Amino acid sequence: MVIAEELAKKQKAISIAEFFEKNRQILGFDSGTRSLLTSVKEAVDNALDACEESGILPDIFIKLENTSRTNLTLIVEDNGPGIVKEQIPRVFAKLLYGSRFHAVKQSRGQQGIGISATVLYSQLTSGRPVKIISKIDRDAPAHYFELLINTQTNEPEILVDKIVDWDRMRGTRLELEMEASYIKGRRQSVYEYLKDTAIVNPHARITIIEPDNNRIIFERVTDKQPVQAVEILPHPHGIELGTLMKMLRYCETPRLDSFLRSSFSRIGAKTSDEICMKASISPETDPRAIALDEAKRLHEAFKKVKILAPSTDCLSPITEELIRKGMGKEHTVDFIETTTRPASVHNGHPFQVEAGIAYGGNLPREEKVEILRFANRVPLLYQQGACAITHAIENLNWRTYSLNQPGGSIPIGPAIILVHVASTHIPFTSESKEAIADVPEIISEVELALKDVARRLKNYLSRQDNLEKRREKEEIIYSILPRIAKKVGEILELPTPDITPIVAKIMRNVFCQRVVRKNAKGCEVEIHFKNHGDSVHHFTFHETIPYPIESPSPEPKKIPVGAQTDYVWKVSLKPGEQKAIIYRLDIALEEAAKLPQLVVEGIANELVTGAKAVNV
Amino acid sequence: MNETEKSNKQIRDSISKTTLKKLIQDFYEQFESETIPHIMLPSRTKKNIELNVDSDVWVYGDSESMRSAKTVKGATQLLKTSHVVELLMKGHLDQNKSSTLRELYYISENWDIAKFNEQSESDRLIEDLEIITGLQREDFHVRPEENGATLYGPITIKELTKRGDRTMHCQDEVGEAGYQIPYNVETIKFVEHDAKFIIAIETGGMQDRLIENGFDEKFNAILVHLKGQPARSTRRILKRMNEELKLPVVVFTDGDPWSFRIYASVAYGAIKSAHLSEFMATPAAKFIGVQASDIVEYELSTDKLNDQDIKALESELTDPRFDTPYWKEQINLMLKIGKKAEQQAFAGKGLDYVTDKYLPERLTEMGVI
């Protein structure tokens with residue numbers, strides 16, 4: 001006891017400032033660049049979430065100004081619903097104050113630590129208060145606050161509280177000065193973050209004015225709002241023992257069974273009875289009286305009883321169409337395919353995976369593909385190597401989908417791979433929320449989504465490849481080969497050689513040729529057929545001529561056509577096979593030279609060389 | 001030009017023409033026999049280079065590649081080949097004219113889709129034709145842009161020029177710049193000489209130094225300027241003098257990885273023109289220096305090896321042509337000291353040092369004098 005008392009004396013409340021100092025890297029404030037990025041991110045995430053909840057098309061304005069050699073001023077303005085006057089101080093100047101902490105719903109922010117941590121960082125590095133303007137309606141006044149966080153008590157300190165003129169309909173504006181640096185041209189930068197944010201939020205317009213006064217606008221490409229995420233009750237499979245005990249202690253229903261039904265999703269009368277039975281606790285027990293032992297049994301029982309998977313309408317996927325629009329607007333590419341997987345569940349939390357792949361255009365051909373990772377519509381810029389999305393990409397054999405993959409890692413090629421994981425609970429590897437943990441269900445869903453888009457990419461590429469091959473062949477047969485033949489003939493002073501048999505070979509076509517020789521009585525005619533392709537061809541061959549033919553082999557069918565006769569043979573040729581038809585004509589060789597072009601029927605024209613294909 | 005020489009030339013030209021025509025006839029027959037036109041060529045890669053035990057030079061191996069009209073690239077090459085052959089047969093051999101490699105590239109301007117995109121492409125096609133026909137570009141009346149380098153020393157040569165024979169002694173009857181080696185050294189006859197050996201020198205400055213110091217007279221040496229990577233004619237005349245006059249050849253270059261390669265192309269042949277190695281390489285040629293060990297021994301002023309130098313040395317360690325204990329030692333030593341030196345570095349010891357001390361010492365060591 002004495003020792004305990006001694007220890008108790010030493011324990012004092014750790015100030016919030018101290019807490020921040022010790023944890024700044026896990027909160028995302030370790031370097032000047034990163035701190036700025038984290039700050040922009042927190043402000044933009046809040047603005048997007050607020051607009052989404054109120055059904056407003058977001059219009060977000062960001063301005064950065066150099067205040068001193070080391071410090072920047074960050075201004076973020078949105079057209080969101082605004083914040084009621086009473087809440088403003090706590091939203092911005094009290095850590096862990098937020099509306100979403102207890103909600104089971106997909107949203108960008110989760111802990112409510114973000115924006116106030118940014119305010120604290122600003123205050124610690126610049127010594128200046130945060131300046132807020134917020135207006136909730138066209139006719140409502142615009143409230144102006146200057147706030148500091150009391151680092152001893154974690155309570156807001158209000159320096160200025162007044163009403164100002166603000167020429168906006170509604171929205172929130174915050175202005176912070178902080179030690180930070182604005183860097184462009186690398187993956188982890190404000191610019192890249194906003195670009196990626198614009199891709200997955202195609203309904204938002206985002207404007208940034210860089211410190212050198214350069215203005216960049218990421219324009220909105222759709223007026224379609226994302227589907228509103230619905231708030232749901234927690235699912236029994238996703239609840240932790242501690243949370244369950246907290247819920248039991250503060251519950252307001254007198255019976256365990258009704259507590260279960262009213263506090264969790266997917267629990268009806270039957271299931272609640274079953275759970276109580278498995279846990280060997282009476283359904284009539286007062287939840288507040290349940291001890292640790294019983295709570296443990298209850299928690300165990302959740303797993304033993306069959307419970308429907310959580311409903312997934314609490315998720316708000318971006319949708320295939322909007323991902324396509326988003327990817328298309330920031331890059332010039334030849335091909336985009338996207339997919340939204342059906343919702344699934346990990347550890348009792350619903351989640352849904354979406355993927356997109358963009359290919360070609362002016363993307364670099366010899367570099368690793370660019371990976372765009374998103375969790376609940378927030379771009380993940382750091383710790384790519386530690387993320388489940390990256391691992392799923394590496395697990396896939398991209399060679400089967402026509403992309404290079406040296407060493408079985410990230411594929412190489414002119415492509416961008418986008419993966420979005422939406423969930424009521426994203427399992428991040430750390431508090432700074434930069435990488436998704438390797439949850440098998442998530443990895444497997446990401447893989448399925450990637451396979452889907454990759455398969456479509458492969459089909460596209462093989463179509464392109466075939467077209468390319470066809471174009472190449474046409475160039476050879478129409479342009480180059482005739483010139484070689486002509487030149488070779490010229491050099492040797494011989495007639496230009498006939499290139500049609502070679503054309504048939506190159507095109508892998510059926511080659512047809514009529515050879516006429518003089519004999520004692522008239523002419524000997526031979527029709528040669530050779531199949532250079534890899535499939536069997538059946539067709540009919542027509543000689544429509546005004547002469548009777550003699551001793552034909554094989555025998556044709558004869559159809560009179562006016563003064564002429566159509567002699568018809570059926571021909572079938574296996575790959576590589578050649579056949580000949582022979583007959584005699586009682587005419588002079590000069591006349592035979594005027595015989596009509598060979599005609600075949602029942603085979604596509606582009607598969608034949610040396611004859612005209614007709615199709616009736 | 002006397003009558004026999006004239007008719008010799010006519011016979012050579014006629015052989016060239018027949019050989020080239022044969023190539024076109026092959027194409028024609030391929031068309032006639034319904035075969036997609038193609039030619040076979042040895043693969044011109046490092047992998048397909050092997051040491052010919054008899055001649056001791058590096059030549060192409062057995063691996064062949066096919067150039068066929070099945071692909072646009074192959075078909076275009078065959079079309080270009082036909083155009084070039086026509087020019088060589090009808091424009092050169094029939095009319096007794098010649099073009100330089102550069103002119104050939106410009107002539108192709110009028111060939112529409114058979115036009116060359118850059119000179120390296122037409123140069124390469126001429127090399128291909130040499131390989132296919134077993135002839136040399138001189139047989140096609142194609143010459144390089146620049147003439148060979150210069151030669152200076154106690155030898156009398158007779159050159160068959162387009163304007164008649166010229167006979168001259170390469171010390172007494174030439175200016176200070178020496179005798180200019182023509183692009184086709186087959187037109188040269190060695191009349192007489194009293195040389196003991198040939199020294200092939202990388203830089204003009206060093207050749208001038210040796211002439212000024214009377215090195216050629218004192219040691220009865222023929223000085224041949226290599227002018228960096230030596231032209232074919234320079235390599236060929238070295239080989240001819242070595243074989244026909246039985247004169248030993250020594251190579252004197254800067255002491256850096258690039259100069260080692262100059263020596264290798266004189267002695268063993270170049271990868272790019274391995275089909276001519278037996279014609280142009282002088283396997284008996286010895287390396288005088290500057291050796292890596294000379295840098296240490298003679299305390300020469302040096303430059304530091306840069307990154308490219310180091311890479312070049314490392315690549316030479318895996319080059320089969322340098323796979324001898326001597327070269328391994330020299331290359332590794334250079335890597336170890338991290339220094340390179342120019343030929344001219346000897347000037348730091350006095351202008352006569354290289355001719356009075358270094359070269360005599362090295363030549364004695366090598367048993368040349």
Side-chain angles (χ1 to χ4, degrees), chain A residues 464-515 526-534 573 576-580 608-610, chain B residues 16-39 66-95 107-108 110-117 125 128-129 132-133 140:
Chain A
Q464 289 298 304
D465 202 33
N466 285 341
L467 278 176
E468 184 51 46
K469 276 184 189 147
R470 179 113 210 140
R471 270 198 291 276
E472 170 152 323
K473 283 177 174 177
E474 280 169 1
E475 191 183 341
I476 294 172
I477 60 165
Y478 294 125
S479 166
I480 309 173
L481 212 49
R483 286 170 208 244
I484 300 179
K486 185 161 168 274
K487 187 54 59 189
V488 166
E490 274 171 24
I491 297 171
L492 301 176
E493 286 153 22
L494 290 170
T496 306
D498 181 17
I499 65 165
T500 40
I502 293 167
V503 167
K505 249 188 192 171
I506 290 175
M507 299 307 286
R508 306 175 78 81
N509 277 2
V510 170
F511 177 58
C512 315
Q513 190 181 30
R514 183 197 283 127
V515 183
E526 278 184 38
I527 316 287
H528 298 276
F529 299 97
K530 179 157 190 189
N531 183 0
H532 292 288
D534 357 272
L573 291 168
E577 195 180 12
Q578 47 184 329
K579 281 186 179 164
V608 186
T609 305
Chain B
S16 306
K17 210 180 146 182
T18 317
T19 318
L20 287 169
K21 193 173 175 183
K22 170 79 176 53
L23 179 68
I24 299 299
Q25 276 164 338
D26 284 351
F27 289 161
Y28 198 88
E29 275 159 27
Q30 286 166 357
F31 276 113
E32 294 279 277
S33 66
E34 307 183 1
T35 313
I36 298 173
H38 62 271
I39 41 176
M66 185 163 82
R67 188 170 292 168
S68 143
K70 259 185 206 161
T71 64
V72 166
K73 206 175 146 208
T76 311
Q77 277 293 320
L78 296 186
L79 179 60
K80 288 176 181 176
T81 308
S82 314
H83 275 274
V84 169
V85 170
E86 184 186 41
L87 171 76
L88 301 180
M89 284 172 65
K90 303 197 167 172
H92 283 181
L93 296 166
D94 281 355
Q95 307 188 25
I107 290 167
S108 83
N110 307 313
W111 294 352
D112 192 15
I113 58 166
K115 167 182 174 325
F116 292 109
N117 300 316
L125 204 146
D128 287 345
L129 284 175
I132 297 163
T133 59
F140 309 144

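Naming: A, B, ... by sequence-line order, numbering from 1 per chain. These numbers come from a predicted model, not from an experiment.
- Of the atoms belonging to B:Q30, it is backbone heavy atoms, and not side-chain ones, that fall under 4.5 Å from chain A.
- Looking at A:E475, the atoms closer than 4.5 Å to chain B (heavy atoms on both sides) all sit in the side chain, from C-beta outward.
- Heavy atoms of A:P482 lying under 4.5 Å from chain B are absent altogether.
- Within 6.0 Å of atom NZ in B:K90, more than 12 heavy atoms from other residues, nucleotides or ligands are found, so the atom counts as buried in its surroundings.
- Proximity to chain B is absent for every atom of A:E474, based on heavy atoms less than 4.5 angstrom apart.
- A donor-acceptor pair is defined here as one N or O able to donate and one able to accept, closer than 3.5 Å; no such pair exists between the side chain of A:T609 and the backbone of A:V503.
- Other residues, nucleotides and ligands contribute more than 12 heavy atoms inside 6.0 Å of the NZ atom of B:K115.
- Residue contact with chain B, scored on non-hydrogen atoms closer than 4.5 Å, involves the backbone and the side chain of A:L494 alike.
- Listed options A:I499, A:L481, A:V488, A:T500 were ranked by heavy-atom pairs under 4.5 angstrom with chain B; first place goes to A:V488.
- A salt bridge does not link A:R483 to B:E86: none of the charged nitrogens lies less than 4.0 Å from a carboxylate oxygen.
- In this structure, A:K579 places its NZ atom where more than 12 heavy-atom neighbours from other residues, nucleotides or ligands lie under 6.0 Å away.
- For the pair A:E490 and A:K487, the salt-bridge criterion is met [side-chain N within less than 4.0 Å of a carboxylate O].
- Shown here is A:K473, whose NZ atom has more than 12 heavy atoms of other residues, nucleotides or ligands within 6.0 Å.
- With a 4.5 Å cut-off on non-hydrogen atoms, A:S479 touches chain B through its backbone and its side chain both.
- For a residue to count as touching a neighbouring chain, one of its non-hydrogen atoms must lie under 4.5 Å from one of that chain's; by this rule B:T81 does not touch chain A.
- Contact count versus chain B (heavy atoms, under 4.5 Å) is highest, among A:P501, A:A504, A:P497, for A:P497.
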